[in-house]
Amino acid sequence: MPELARRLARIPDWVWLAAIVVVSTLVRAWLARGMTAPFVFVDELVYWELARSLADTGSYAVRGVPTSGYSLLYPALLAPVTWLTDALPTAYGLAKALNSLVMSLAAVPAWLLARRVSGRWLALLAAVLAVALPSLAYTATVVTENLFYPVALVVAWSLVRVLELPSWRRVALLAGALAAALATRSQALGFVAAVVVAPFVLALVARDRRLLRPFAPLLGAVVALSALVVGAQLARGRSLSDLLGAYSVVGEGGYDVGDVLRFWLWHVEELTLYVAVVPTIVLIVLVAIGPQLPARLREHVAATLALVATSTLVVGAFASRFASDRVQDRYLFFLAPLVLVAVLGWVAIGAPRPRVPLVVGTVVAVGLVVAFPYTRFIGEPAKSDSFGLIPLWTANENLLGGSYRLTVLVIALLLAALVAIVPARHAVAVPLVLLGLFVVLSRPVWSGPHGVLRSGEGALFQGIRGVDRDWIDERADGDVAVLWTGRADRFTVNLNEFFNRRVGPVFYTSAPTPGGFGEQPVRVDRNGIVRTADGGSVDLPYALLDGSVTPDGAALERDELGMTLWRLHGPLASLTKVGGVYPGDTWSGPVATWRRLRCTGGELRVRMHSDPTLFAGRLTHVLASVGGRPVARIAVPPEGSVALPVPLTPSNGTCTVRFTVDPTLVPADVLPDSTDRRELGVHFDEFVHEEPA
């Protein structure tokens, strides 16, 4: 064993570090193969479109519309993989592999940060911790987190070096890192505040105001540059919010101070939960003994506190106005390696635990995670934005006393006890326990019932079913118009567009898809022709339509969701009209109608389903009539879907079917928690007209 230890010790650090990056990349890329489809919409679609546009035209555009203000660097990173192959499912696989490499590179700046405050083995442990976080599940998604994570850690490393010695060379390196972070995500504007705050935090931790003097030129330069940017914007007649580009709305309007402070605190609480309580306790201890710390550890603590304070404030303010249904550790998990390196620095100096700071740190850290409003934020939005909450959500049936707070309290106290009682010579057990905990918690985030794999499978199930993901590219040799009526799931638009180059542009009849960008409103004139806002027609060779629209054309292929690829015989037209179905929904009232222009007869096949919650134990009877004469009927069970064939008889070139639904129910009268006063009958999912032979 001693000989083996000596051989391992002779291996250079760069070899260990490279091995960590390579192993992490291979593991993440292998896992990401199981991710079948994107689910973070519209973010993933926007960055995919930007990358494709950059590869194809050399410019940034979404759905053919030039745009600015989104990430510059992340689409540039993805552009080569979209250029290498025409098959977008293959490009998607390459993108996930590239994400795995880029995100794994975060091990390098994490190691650089830790090497300043600890020995080689603890620094290598920091690199492992950086790639073991549950949020590395984002490698399977097409979002900026993949690039922002390592870039943000480079900013942090550059900042601690400036705090060590604010030379112009180091300041220039920090400025370059800030520019790269800003080109990756607009959130990086908040890092400027951290740069300004960090010297003051350093003086506070060291209890020495004289430490501020060397930073006067840096602070003056930041103030001068800020004034220059503000003056330039005003001179151009532009608002400061325009600096955020596509996110300029964030800088417009007002913020409620109370809401901002509440969301700020909630994000601090959830971040404390995400990093498993221990780093918060240790940071409070280190601040308490600040003057006794080695200079480099003081600098790291100051930079960490400055970045935590400003980043949680920026994200909390954003959420208070634009995402009040969620806390967003997706924008904050880059802070985890910083606080974990502080723990490693604490281990390196002998794990000091003065009694009063330790008790205060424990009370604060445990109090933060117990006070968090779990029931408010554990839900669907957590699947994309709050990975720190997914393990608790997964354990919902096994909570202690059926309570989130009680479960968190017990775990937090056990972790606090570990910090308090572990012998100093074995203090490395603390970060090792955290490493094991991150690995365990990564499983529900990745493959649990609310994890990213299940979310991707669910998105694909809702968007493309029964055909290949690039089924449209396989059949169409020209551009494919998409008409969104609001009746089908929004994923039928988003996923078909993501995996098929031919799909686009997107039109809508009543409202765009949620978060839709570059979509065009249309109306259907009395002749059935689809008209754009300027009165023009949609003249493309193909169209992708849901089951409520039948154009003048030939159906080439239909997936199991009823989405149909049509070869058009002329301008896009909607020859069918459905009445009696609630807008943006598939629920009918007591009567529904289907009408088809230019009809020569044939058969209409109608797919329907009921609702087992509303119609528990009841059959819903649907009677189809043509020309006032009953021609078909069916009983729809509470669960499962049924298909009703209806023979058609044209009258003056038009076929009309009237559906009578019985019984109907008002949810507010039947379900205790419902406020829905609509009279509901049955879901009309799809209408398929088959021409006569």
Side-chain angles (χ1 to χ4, degrees), residues 38-47 62 69-71 74 134-135 137-138 141-146 148-149 152 184-191 193 241 243-274 308-336 368 371-390 392-393 404 445 450-452 455 458-459 490-491 494 511-517:
F39 72 98
V40 186
F41 285 112
V42 292
D43 298 34
E44 295 196 67
L45 180 62
V46 166
Y47 295 118
V62 177
Y70 290 103
S71 175
Y74 186 59
S135 291
Y138 283 116
T141 65
V142 184
V143 291
T144 56
E145 278 72 14
N146 291 285
F148 192 71
Y149 182 41
T184 303
R185 195 154 72 195
S186 299
Q187 176 193 346
L189 274 176
F191 290 171
S241 61
L243 293 172
L244 297 174
Y247 298 96
S248 60
V249 66
V250 174
E252 299 170 355
Y255 289 81
D256 182 272
V257 175
D259 286 344
V260 169
L261 292 178
R262 276 189 292 274
F263 272 87
W264 185 12
L265 178 60
W266 287 335
H267 279 80
V268 171
E269 291 170 350
E270 203 267 353
L271 179 63
T272 303
L273 176 75
Y274 183 96
V308 168
T310 56
S311 296
T312 51
L313 177 58
V314 167
V315 175
F318 172 82
S320 72
R321 187 171 165 207
F322 299 99
S324 60
D325 60 341
R326 64 195 71 193
V327 289
Q328 297 174 304
D329 60 40
R330 66 178 289 191
Y331 299 138
L332 295 172
F333 73 88
F334 72 89
L335 297 167
L368 286 173
F372 182 77
Y374 293 97
T375 55
R376 171 172 178 158
F377 293 113
I378 289 181
E380 286 298 313
K383 291 182 177 180
S384 60
D385 286 18
S386 312
F387 285 177
L389 299 179
I390 289 179
L392 275 174
W393 190 9
Y404 290 119
V445 171
H450 311 297
V452 296
S455 296
R490 56 88 58 88
F491 286 139
N494 295 149
T513 60
F517 183 94

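Considering all non-hydrogen atoms of both residues, Ala459 and Pro38 come closest at CB-O, 3.4 Å. Between Ile390 and His450 the shortest heavy-atom distance is CD1-O, 3.6 Å. The two residues Val40 and Ser384 make their nearest non-hydrogen contact at CG2-CB, 4.0 Å. Across all non-hydrogen atoms, the minimal contact from Thr141 to Asn146 is O-ND2, 3.0 Å. Looking at every heavy atom in both residues, Tyr404 comes nearest to Leu392 through CE2-O, 3.7 Å. Considering every non-hydrogen atom in both Tyr47 and Ser71, the closest pair reads CE2-CB, 3.9 Å.
Below 30°, between 30° and 60°, or above 60°: for Tyr374 and Phe372 the angle between ring planes is above 60°, a perpendicular geometry. Aromatic ring pairs are classed by plane angle as parallel below 30°, tilted from 30° to 60° and perpendicular above 60°; the pair Phe318 and Tyr331 is perpendicular. Ring geometry for Phe148 against Phe334 counts as perpendicular: the plane angle is over 60°, on a 0 to 90° scale with 30° as the lower cut.
Using a 4.5 Å cut-off on side-chain heavy atoms (C-beta onward), Tyr274 and Pro134 make contact. Looking only at side-chain heavy atoms (C-beta outward), Leu368 and Leu265 come within less than 4.5 Å of each other. With contacts defined as side-chain heavy-atom distances shorter than 4.5 Å, the pair Leu389/Leu273 qualifies. Side-chain contact between Tyr74 and Arg185 is absent, with no heavy atoms from C-beta onward closer than 4.5 Å. Within the 4.5 Å cutoff, no side-chain heavy atoms of Tyr70 are placed close to those of Thr144. Residues Phe517 and Val42 are not in side-chain contact: their nearest non-hydrogen atoms beyond the backbone lie 4.5 Å or more apart. Side-chain contact check for Glu269 versus Pro373: some heavy-atom pair is nearer than 4.5 Å.
The distance from the CZ atom of Arg326 to the CD atom of Glu380 is 10.0 Å, given to the nearest 0.5 Å. Here the CZ-CG distance, from Phe333 to Leu271, works out to 11.5 Å after rounding to the nearest 0.5 Å. Atoms CG and CG, on Leu335 and Asp329 in that order, are 10.5 Å from each other to the nearest 0.5 Å. Here CZ of Phe39 is found 10.0 Å from CZ of Phe41. Values are rounded to the nearest 0.5 Å. Considering OG1 of Thr513 and CZ of Phe491, their distance stands at 10.5 Å, rounded to 0.5 Å.
Side chain of Ser324 to backbone of Ser320: no donor-acceptor contact under 3.5 angstrom is found. Remark: side-chain polar atoms of Asp385 are not paired, donor with acceptor, to backbone N or O of Arg330 under 3.5 angstrom. Checking side-chain atoms of Ser311 against main-chain N and O of Val308 turns up no donor-acceptor pair under 3.5 Å. In this structure a side-chain-to-backbone donor-acceptor pair under 3.5 Å is missing from Glu270 to Gln328. For the pair Ser386 (side chain) and Val327 (backbone), a donor-acceptor distance under 3.5 Å is present.
Using a 3.5 Å distance cut-off with no hydrogens or angles, the side chains of Tyr149 and Ser135 do not pair a donor with an acceptor.
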Determine whether Leu45 and Val62 satisfy the following criterion, side chain to side chain contact (heavy atoms under 4.5 Å, CB included), listing intermediate values before the conclusion. CA-CA 9 Å; Leu45 180 62; Val62 177; over 6 Å; no
